[in-house]
Structures are given as structure tokens and as C-alpha cells.
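Order of the sequence lines sets the chain letters (A, B, ...), proteins ahead of strands, with each chain counted from 1.
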There are 4 protein chains.
Amino acid sequence: MPRPNVEAERREQILRAACDELSEVGMQDLRLSDLARRAGVSSGTIHYYFEGKHAVLVAAFEFNYRRSLERRRRLLDAGDEPLPTLRELVDSYLPRRPEALTAWRVWAQLWAEATRNDEYRAINESLYAEWRGLVTELIARGQDRGSIRDGDPGVLADMLIGMIDGLATQVLAGSKDMPVERMSSTLQQFIDDFLALAPARARH
Amino acid sequence: MPRPNVEAERREQILRAACDELSEVGMQDLRLSDLARRAGVSSGTIHYYFEGKHAVLVAAFEFNYRRSLERRRRLLDAGDEPLPTLRELVDSYLPRRPEALTAWRVWAQLWAEATRNDEYRAINESLYAEWRGLVTELIARGQDRGSIRDGDPGVLADMLIGMIDGLATQVLAGSKDMPVERMSSTLQQFIDDFLALAPARARH
Amino acid sequence: MPRPNVEAERREQILRAACDELSEVGMQDLRLSDLARRAGVSSGTIHYYFEGKHAVLVAAFEFNYRRSLERRRRLLDAGDEPLPTLRELVDSYLPRRPEALTAWRVWAQLWAEATRNDEYRAINESLYAEWRGLVTELIARGQDRGSIRDGDPGVLADMLIGMIDGLATQVLAGSKDMPVERMSSTLQQFIDDFLALAPARARH
Amino acid sequence: MPRPNVEAERREQILRAACDELSEVGMQDLRLSDLARRAGVSSGTIHYYFEGKHAVLVAAFEFNYRRSLERRRRLLDAGDEPLPTLRELVDSYLPRRPEALTAWRVWAQLWAEATRNDEYRAINESLYAEWRGLVTELIARGQDRGSIRDGDPGVLADMLIGMIDGLATQVLAGSKDMPVERMSSTLQQFIDDFLALAPARARH
DNA sequence: GATGAATGAGCATTCATTCAT
DNA sequence: TATGAATGAATGCTCATTCAT
């Protein structure tokens with residue numbers, strides 16, 4: 001009696017391993033045979049479920065994003081005060097815990113590739129738009145509540161997201177000048193000094 | 001009697017081509033034979049001047065950085081008003097003109113690799129520290145002149161640089177939500193609203 | 001259901017071809033692509049079964065020795081009169097028949113390399129010790145039977161084996177002064193005049 | 001004022017270095033650039049004096065042989081008692097002193113190559129014939145003096161030379177079962193027990 | 001559904017050789 | 001005479017992909 005969702009199970013098993021590999025060795029050095037071993041299947045099985053290496057990577061990037069969002073679902077759905085939620089969200093994205101680190105490294109791979117490849121470019125485009133929308137929405141709600149300063153929420157979101165991505169890049173690169181705690185304090189200071197309105201600042 | 005500096009000439013010829021290739025196809029897809037053709041030499045010549053592919057790439061990253069700085073030398077050495085200089089510097093780094101685009105793409109390659117490889121990590125570390133120092137110095141001078149707000153100049157530099165890098169990443173990735181003009185206005189707005197003191201803001 | 005022992009089959013198929021190539025072109029001129037063609041497999045298959053060229057060669061030397069011994073197994077196991085057995089053994093090792101020639105040429109390769117390379121040195125060491133032991137044992141048994149003269153059997157074995165190897169070297173080198181028949185008669189004369197005791201000499 | 005024999009000087013300089021290289025790394029791993037460095041000339045100079053790598057090697061083998069013979073010239077020309085001279089000659093050829101080791105290693109290279117290549121075969125042929133003639137002559141003179149047993153002196157020479165070459169092969173291969181002292185005693189015992197007549201034996 | 005043996009195109013690297021000086 | 005910069009053919013090895021079982 002075949003289990004009904006063997007297929008979905010196998011795919012996830014492979015994608016999970018793909019993210020780990022991607023994070024550890026990168027896109028180009030990722031060998032399907034290693035991925036197969038890590039996923040506990042044969043290399044033939046990978047090709048049974050995916051068109052080829054390219055298709056595995058594309059699916060892995062999508063999977064990586066969905067999984068990241070999943071982890072923040074509770075945070076985003078709670079509908080708590082926007083400003084504290086923003087602080088928590090930023091904090092949860094710091095490349096500090098293993099899962100966050102892995103997820104960031106996968107993103108870094110995608111970005112490097114999106115620079116030249118249209119397919120990866122499209123993936124970044126759609127995932128990024130979704131992420132950007134979430135932050136913009138949060139900022140707009142904060143402005144409604146009067147806890148976040150005025151200004152185009154999309155621009156403010158771009159500033160914050162840009163800063164997160166840029167600083168994370170240096171943290172990932174292991175820069176001694178940018179340990180994760182400095183990234184954290186720099187971002188919180190940006191929120192304090194630039195985004196938050198007086199009442200929020202009083203929290204500190 | 002050998003031509004003087006044939007070596008320096010050849011090396012630069014090769015490194016210039018390496019940056020172009022790096023920008024167009026990336027580190028891993030860069031084939032030495034293509035690089036040779038582009039540089040107008042034989043593949044043997046590449047190996048005559050460099051230990052191997054790896055050594056070419058390492059030298060190319062260094063070359064890319066030095067060349068970028070060279071282009072801004074006049075700007076940095078002029079000793080003009082710090083705030084306008086900062087604006088111009090940011091503007092000159094926008095991934096808009098072909099040379100800037102190429103340079104950014106090379107950086108993107110370095111970052112992706114520095115995530116996992118200690119040698120590239122070291123290159124990023126030293127080049128980044130130098131760049132960070134220049135911006136910090138400029139901000140500190142602006143604070144002395146009273147045109148830039150107070151606060152740890154290193155932290156303010158990190159915010160700006162982080163934002164530049166993060167936004168550039170999306171521009172390079174060809175995001176429709178982040179055309180280079182939006183990157184430009186976002187950064188200038190950050191400078192206006194967050195870094196500049198009132199007199200500077202009056203410029204607008 | 002995979003064919004049983006595909007692996008053992010393929011390995012032998014490759015090693016057999018490796019000995020032939022080794023004998024014809026030598027270690028250094030042996031190209032894996034030629035070996036592949038000769039073995040009737042792809043170059044990829046060679047690498048599937050062996051770590052690399054080096055590993056193929058090491059295995060081939062071992063294979064060559066085992067195969068040589070296999071051919072004399074009957075002779076050595078029969079337990080016949082030691083002196084006639086020694087004569088037959090020497091005769092069977094003459095580089096006269098194609099298989100013997102091939103085997104000798106492979107040995108010649110190993111020796112040339114063992115002069116400088118520790119790994120090949122170790123192979124020669126172990127195979128040679130085994131071969132030397134067999135001849136020593138045979139001589140000792142002949143001394144027990146009274147058909148071979150007294151003296152340290154190890155030293156007598158070294159004399160005989162040394163002479164075989166040295167003369168074979170000249171036969172292999174195609175020296176006109178040392179055709180294989182002269183090698184044969186020289187060795188048999190050494191056995192007659194130096195090793196054999198009177199009764200054995202009566203055979204002639 | 002150009003020195004008259006620059007040419008002869010350069011050639012010897014190169015050949016001397018070639019023998020050393022040949023002995024250390026072997027024929028195939030010998031790179032002309034290394035040889036040039038060792039000889040203290042440029043790679044261009046090698047090609048100026050020799051047709052190519054092949055021609056250097058051929059000349060080096062010839063040079064190696066001549067130099068070996070030169071070292072024994074006094075021994076061979078002295079016209080002393082043949083049997084003691086033979087003992088000394090054998091002793092002088094033991095791969096014990098650095099020069100003898102180097103010379104043997106060069107021979108080993110030649111033999112391995114002569115197995116397959118006609119040109120090297122021809123070199124071995126002529127050098128070997130000369131060497132064989134010298135030993136045969138010495139044995140014949142010993143027989144005339146009554147110090148060496150009867151029998152075809154050419155066959156006796158072949159036995160001795162074969163044994164020398166075969167045992168040397170194992171010494172060169174670094175066999176623990178055949179240190180150079182064992183090679184020495186084995187050969188002297190062969191001379192004592194097989195070649196020498198009673199009076200000579202009394203010497204011990 | 002799943003396997004893994006087998007493939008072969010692709011690429012970095014080596015090194016003898018050439019030739020302008 | 002002598003140099004050494006430059007060449008490019010040659011080859012070991014990798015790995016995505018295929019397919020018989």
C-alpha cells in the first residue's frame with residue numbers, strides 16, 4: 001500500500017537537503033551526488049523528481065523563502081503593536097541562529113546568481129516583492145497608530161530592508177568589523193532614531 | 001632588450017578582462033580560455049603570469065577595488081565640503097554607468113564567495129575596512145563642520161554603506177521595484193532626513 | 001537486480017587492459033583515454049572504479065604479479081622434484097611467450113618507478129618478498145632432497161633471481177647480444193654448474 | 001674575446017645537470033625548465049645546444065656511461081691481477097656512493113625506456129656491448145692466468161653482469177631484503193664459489 | 001517508484017618549443 | 001650566443017545526466 005504523499009515527502013526531503021548544501025558549499029559547488037547522499041536518496045531519484053540541477057535549485061530558493069516566512073508567521077499574524085513587531089521581526093532575521101544563517105546564505109547565493117540569470121532574477125523579484133510588501137504594510141500600520149514617523153512607507157521599508165541586507169552581507173562574510181551584535185544595534189538604532197516616534201523612543 | 005614592464009602591462013591586461021568576465025558570467029562559469037581570448041592572449045600566458053584560476057580571481061578582486069577607488073580619488077582628495085562630497089560619492093557609486101555596474105557585479109561575486117571561503121573572506125575584510133574608513137572619516141569631518149548630525153560616525157557610516165550595498169543588490173538583481181533611480185532617491189533622502197543637519201537640507 | 005559482481009568484472013577488464021597498455025607504452029605515456037578504449041569502457045568508467053590514474057597503475061602492478069603467479073600455481077603446488085621444478089619455473093619466466101613478455105615489461109616499469117617513488121617501492125617490496133620466498137623454499141627443499149648444493153638458500157635464491165632479472169632486462173631491451181635463448185642457456189648452465197649436485201647433472 | 005670552448009663547456013654543464021635530474025625525477029618527469037635552472041642557463045639555451053628534450057636525454061645517457069667508465073679507467077688500465085681487479089670492479093659499481101647511485105638510476109631509466117623505444121634501445125645496445133666486452137676480457141685474462149675457472153668467458157661475464165644488474169635493481173628499489181651490503185656479499189660469494197679457482201679462494 | 005552503473009562533454013593545467021630581441 | 005615571454009596542444013579529472021533493471 002503506497003503512502004499517498006510519498007511524492008511530496010520526497011520533494012521536501014530533497015529541498016531541505018538542497019538548502020543545507022546550498023548554504024554550505026554554494027550553487028556551483030553543489031554536486032547532485034552529494035545532495036543525494038545528504039537527502040538519503042540516490043542521484044537517480046533526484047532526477048526522478050526534478051528536471052535537473054537547475055530545477056532543484058529554483059525549487060530550493062522558493063522553499064527557503066517559504067520556510068523563512070513560516071517561521072515568522074505567528075509574529076506577522078498576531079496583529080500586535082507594529083513597532084515592537086518590527087523590532088522583533090528585524091531581530092528574528094539576524095544571521096545568528098543556525099536556521100537564520102542557513103537561510104541567509106541561500107539568499108546570498110540567489111542574489112549572486114540573479115545578477116546574471118533571468119530565471120533566478122524572476123525568483124528574487126517575486127519573493128522580494130512579497131517580503132517588501134509585508135514590511136511596508138507593517139510600517140504603514142505603525143504610521144496609522146502614530147508610532148512610526150511619516151513618509152512614504154515603501155521608501156522607509158526599502159531603507160530598512162536595504163540596510164538589513166547590506167549589513168547581513170558583511171556579517172555573512174565574517175567581517176570582524178561587523179559582528180552580528182553590531183548589526184543588531186545598528187538596525188535598532190536606525191529604528192529608534194529614524195523610524196520610531198517619540199513615545200516608542202521612551203521605551204528605551 | 002625586453003620591453004620595460006611587460007609584466008605589469010600583461011597583468012593589468014589580464015585583470016581588466018577578468019573583471020569584465022567576472023561581471024558577465026561570474027566566478028564559476030568563468031573559463032580561463034574565454035578570459036584569455038578576451039584579454040587577447042593565450043591560455044598559457046594566463047598561467048605564465050598567475051598561479052592558476054584562483055590566483056587570477058583574487059588579484060582581480062583587489063584590482064577591481066583599487067580601480068573603483070582610483071575613479072573617486074579626485075573626489076576624496078579635493079577636501080571639499082564633506083556633505084556634498086558624500087552625496088557625490090554615493091551618486092558615483094550608483095550601479096548606473098557601465099563601469100560602476102561592472103564593479104558592483106564583481107563585488108557581488110566576492111560577497112557570495114566570502115560567505116564560505118576564507119581567502120575571499122580576507123580580501124573582503126581588508127578592502128571593506130578601507131572603504132568603511134573613508135566614509136567614516138568623511139562623516140566625522142562633516143560633524144566637525146556642523147553639517148552632519150551627531151552620533152558615532154562609524155555607526156552612521158555602517159548604516160549608509162549597508163543601505164548602499166543592500167539596495168545595490170536589488171538593483172543588480174534587476175528588481176523592477178528597485179530601479180537605480182529609486183535607489184538614488186532613497187539614499188539621498190536618507191542623507192537629507194537622517195544625516196544632514198538643517199543647513200544642508202536647505203540646499204533642496 | 002544488478003548483475004552480480006559487475007564491479008569485480010569491470011575492474012579486471014580495466015586492469016587487464018592497463019597491463020597491456022603499460023607494457024606497450026609505459027607508465028607515463030599511458031593515457032587514460034587510450035586505456036578506456038582498450039578496455040572497451042568510457043574514461044568516466046575508469047574514474048568510477050578507480051581514484052585516478054595512479055590508483056589504476058598501483059592496482060595493475062598487483063594484478064600483474066598475481067596473474068603471473070597464478071600461471072605457475074600448478075607448477076609450484078605439484079610438489080614434484082625441486083630441481084626439475086626450478087628448471088621449469090625459470091623456463092616459464094623467460095620473456096618468450098607474449099604473456100610473459102607483457103608481464104616482464106610491466107615489472108620493468110615498476111622497477112624504474114620504485115627507484116624514486118615510495119608507493120611503487122612498497123609494491124615491489126611486498127611482491128618481491130613473496131616471490132623470493134617461493135624460490136628460497138624451493139631451493140631449501142632441493143637441498144633436503146640432496147639435489148641442490150649446500151649454502152644459504154636465501155643467498156642462492158638471490159643469485160638466481162638477480163641473474164634472471166638482470167638478463168631479462170637485456171632481453172627486454174632487445175640486445176642482440178642477449179637473445180632469449182642465450183638467457184635460457186645461461187641460466188640453465190648456472191643451475192647445472194653451480195646449483196645442482198651431480199645426480200641432477202646426470203640428467204643432461 | 002669569446003672563449004674557444006664555450007660550446008663544449010655549456011654542453012657538459014647541461015649534461016651533468018641532466019644526469020642529476022634524470023636520477024632524481026626520471027625521464028618523464030624531467031622538465032626542461034628545471035634542468036635549465038639546475039644547469040644555470042635559460043631554457044632557450046638548452047634548445048640552442050640540443051634539438052629538443054629527446055636529444056638531451058640521448059646525450060645524457062651516453063655521457064653517463066662515459067663518465068662511469070672514466071672513473072674505472074685506472075682500474076682497467078692498470079693490468080693488475082684479473083681476479084682482484086674483477087673484485088674491485090664489482091665493488092666500485094655497488095650503488096653505495098652518491099655518484100654510483102646517480103649513475104645507476106640513470107641506467108635504470110634507460111632500461112625502462114629501451115623496452116619500447118628503438119633509439120634508447122640502440123644506446124643501450126652499444127654501451128652494454130662495450131661494458132660486456134671489458135668484463136669478458138678481464139675474465140679471459142683470469143683464465144689465462146689460471147685464477148678463474150674454465151668456461152666460455154662471455155657466458156661467465158653474462159652471469160656476473162646479469163647478477164649485478166638484477167641485484168642493483170632491488171637495491172635501487174630500496175628493498176629491505178636487499179641492502180647494498182647483501183648485494184656486495186652475494187656477488188663476492190658468487191665470485192669466490194663459482195668463478196675463482198682454488199688459489200684465489202685461499203685469499204680468504 | 002527508485003536505483004546506481006555508465007557515460008562523455010567540458011575545463012584547468014602543464015610544458016616542450018618557438019622566436020623576437 | 002643567449003634569453004625568457006608567449007604559445008597551444010595534450011590530458012587527467014569532474015559531474016550532470018541517462019537508462020536498463
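When each of dA16(E), dA6(F), dA16(F) is scored by its nearest atom to the side-chain atoms of T45(B), the top-ranked nucleotide is dA6(F). Closest contact between the side chain of H47(A) and the listed nucleotides dT17(E), dT17(F), dC15(E) involves dT17(F). Looking at the side chain of R10(A), the nearest of the listed nucleotides dT17(F), dT3(F), dA2(E) is dA2(E). Taking only side-chain atoms of Y48(D), from C-beta outward, the nucleotide of dA16(F), dT1(F), dA16(E) with the closest atom is dT1(F). Closest contact between the side chain of S43(B) and the listed nucleotides dA9(F), dT3(F), dT17(E) involves dA9(F).
No side-chain heavy atom of K53(C) sits less than 4.5 Å from a side-chain heavy atom of I46(C). In this structure, the side chains of F50(A) and V58(A) stay at 4.5 Å or more apart for every pair of heavy atoms. Within the 4.5 Å cutoff, no side-chain heavy atoms of Q28(A) are placed close to those of Q109(A).
Rounding to whole angstrom units, CG of residue D34(C) and P of dA10(F) are separated by 12 Å. For the pair Q28(C) CD and dA16(E) C1', the computed distance is 16 Å after rounding to whole Å. Nucleotide dT7(E) holds its C1' atom 16 Å from the CG atom of L35(C), rounded to whole Å. Atom CG in L32(A) sits about 17 Å away from atom P in dT14(F), given to the nearest Å. In this structure, E51(B) atom CD and dT14(E) atom P are separated by 8 Å, rounded to whole Å. Atom-to-atom, CZ of R37(A) to P of dA2(E) comes out at 19 Å; the value is rounded to the nearest Å. The NZ-P distance, from K53(D) to dT18(E), rounds to 15 Å in whole Å. Taking atom CZ on R11(D) and atom C1' on dT1(F), their separation rounds to 15 Å, with Å as the unit.
Taking both residues in full, the closest heavy atoms of A108(D) and A112(C) are given as O-CB, 4.3 Å, listed atom of the first, atom of the second, then distance. Heavy atoms only, all atoms of each residue included: L22(A) and A60(A) are closest at CD2-CB, 4.1 Å. For the pair C19(B) and T102(B), the tightest heavy-atom approach, listed with the atom from each and the gap, is O-CG2, 3.9 Å.
Expressed to the nearest 0.5 Å, how far CH2 of W111(C) lies from CH2 of W104(C) amounts to 4.5 Å.
Residue whose closest nucleotide on DNA chain F sits further toward the 5' end, between G44(A) and R31(A): R31(A). Between G52(C) and G40(B), the residue anchored closer to the 5' end of DNA chain F is G40(B), taking for each the nucleotide with the nearest heavy atom.
No option in R16(D), R31(D), R38(D), R105(D) other than R38(D) meets the salt bridge (charged side-chain N to carboxylate O under 4.0 Å, His left out) test with E21(D).
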(message) Once pairs are restricted to Watson-Crick or G-U wobble with both distances under 3.5 Å, how does DNA chain E read as a dot-bracket string, [ ] for crossings and | for other-strand pairs?
(response) .||||||||||||||||||||
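The phosphate of dT7(E) has OP1 or OP2 within less than 4.0 Å of a side-chain N or O from S42(C). OP1 or OP2 of dA2(F) sits under 4.0 Å from a side-chain N or O of Y49(D).
Note on I46(B): nothing from the nucleic acid sits closer than 4.0 angstrom, heavy atoms only.
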